[in-house]
Amino acid sequence: MKRREFLGAALAGAVLPGCGGGRRGGGPLAGRPPAPASALLTAGLPLRSLAPLANTAAQAGRFEGALAAAPASVGLVDGRSTALWLYNGLFPGPVIEAREGDRVRPALENRLPIDTTAHWHGLPVPADQDGNPMDPVRPGATRVYEFDIPAGAAGTYWYHPHAHGTTAEQVARGLAAPFIVRAAGDPLAHLPEVTMLVTGLRLDANAQVAASGPLDFAVGRQGEQLLVNGGRLPVHAMRPGATERWRILNATSARYLRLALDGHALTLVGTDGGSLAAPVGPLAEILVAPAQRVEVVVTASTSPNARFTLRALRHAIDAMGMGAYATEDLLTVATTNDPPAAPAALPGALRAMPAQAAATARKRLVLTQSGMGMMAAFGINGRLFDMNRVDLVSTAGETEDWDIVNDTLMDHPIHIHGTQFRLVARESRGVATAAPFAAWLDTVDVPSGTTATIRVRQDRPGKRMVHCHILEHEDAGMMAVLEVRP
Ligand code: C2O
Ligand code: CU
Ligand code: CU
């Protein structure tokens, strides 16, 4: 399929349905099953571990590696090949693993027919190394990025394209992968680790990546089959009673993941920017908005030969009746026949998280909507993205409170480049709810009708993106430029 066709479908079916009655989670379109060919993906294979990107650096303390973004044909559905765009031919792409203090130099070769970039989502890299839309890598070109990973940055991040207007398409075609940063004194280093990258795939009747339509552009790509590490409903084997640390990344375009594991509680130990101060749990479920990551500790049931399902539970993201997700299975945990493992101890404290400095500036961002139903378009403070305009100005090193006011009929996961921030509180209909614990985030869910107040500081000068991480919204202009001045 040509790119023009991929985007063209947006125009083809531009109908004007009424606004879905304003009742959350209702609507005739809610919970549509995935497209037929996606449903043919082979389910139930063992969970793959993602290939690491080889470190070719000669010296310690450095990471160097080569990424090539290129078209590739992959056999996903019986006897047919699917054209994807992949990093190094891998679906999903290779994991970059670095350590705090490392100097990282990834090279990106663009063998795609259109501009791309590699954006290091969540990492505090200099603005000119962050793969912003104003720094495109042209077809045929190679760009070498270079940045240091500071102390305190250990955590689960990811990388993906951020080219102007085509991020959703590039991610939908397969370009996304984890970027894990490790710390020397990790208090959970004794636990076995599993990385689970959740992506969405929607194939058409010819087993090709399906074009997006008006509904996808309104509320984010719908009807995708959820994959974990590129596999549908993979099986993850655990010894009974064993305790593991899972790094779960939501790399879908728009799918909120309300995670719950049958018969098990989850213990949250980390968010976008790494460890919490202390484990939080037991939790029955954890909501992971698009682009967010969580680290959870899971202790498997002591019953041998048992199966449990990790699910994304039903979740509604709009009052238009169009963006409701039915409960879907993600992965099966299968306990082995081994005798139960000895219980693993979880430390009471994970790291120090001192309070942030008091804010000395305040900003107000209003998420705005024009049009209704499938004609809805979203902006920030009433404007659409213009990379040549500066929308917000901050001073490096200054702590600010931002009130992000969602005046639209749907939820938006708002992401800020270049830093990690903390949620202070959410307010809806005059009721404020303080964040229950301190957590570093680079993406915050701002539900419809809610104001989220975050405390944020940028430490480096340069232009940073602020945008909705529903990728179709980002591409359509729900993005602002923040200029950080020295
Ligand atoms: Cu993950 Cu600006 O993006
Ligand atoms: Cu980002
Ligand atoms: Cu949005």
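All values below were derived from every heavy atom in this structure, side-chain atoms included, with hydrogens, water molecules and symmetry-related copies excluded. Start at 1 and go down the list; that is how both ligands and their atoms are numbered.
In summary, Arg364 and Asp403 do not engage in a salt bridge, as defined by a charged side-chain N under 4.0 Å from a carboxylate O. Taking the charged nitrogens against the carboxylate oxygens, Glu328 and Arg314 have no contact shorter than 4.0 Å, which rules out a salt bridge. Ion pair Glu295/Arg245 flagged as a salt bridge, since at least one NZ, NE, NH1 or NH2 atom sits closer than 4.0 Å to an Asp/Glu carboxylate oxygen.
With respect to the Cu ion (ligand 2), His119 has NE2 as its nearest N, O or S atom. Nearest N/O/S atom of His412 with respect to the Cu ion (ligand 3) is recorded as ND1. No other N/O/S atom of His473 lies as close to the Cu ion (ligand 3) as ND1 does.
Between His121 and His119, the ring-plane angle classifies as perpendicular under the 30° and 60° cut-offs. Using cut-offs of 30° and 60° for the angle between ring planes, the Tyr157 and Phe179 rings count as perpendicular. Note on ring orientation: taking the six-membered ring where Trp is involved, the planes of His162 and His467 are perpendicular (angle over 60°, cut-offs 30° and 60°). Ring pair Phe147/Trp120 is tilted by interplanar angle, where 30° to 60° counts as tilted.
The nearest N, O or S atom of His469 is not closer to the Cu ion (ligand 3) than 2.8 Å.
Legend: protein N/O/S atoms lying under 2.8 Å from atom 1 (Cu) of ligand 1, waters omitted, number 3.
At least one side-chain heavy atom of Leu67 sits under 4.5 Å from a side-chain heavy atom of Leu53.
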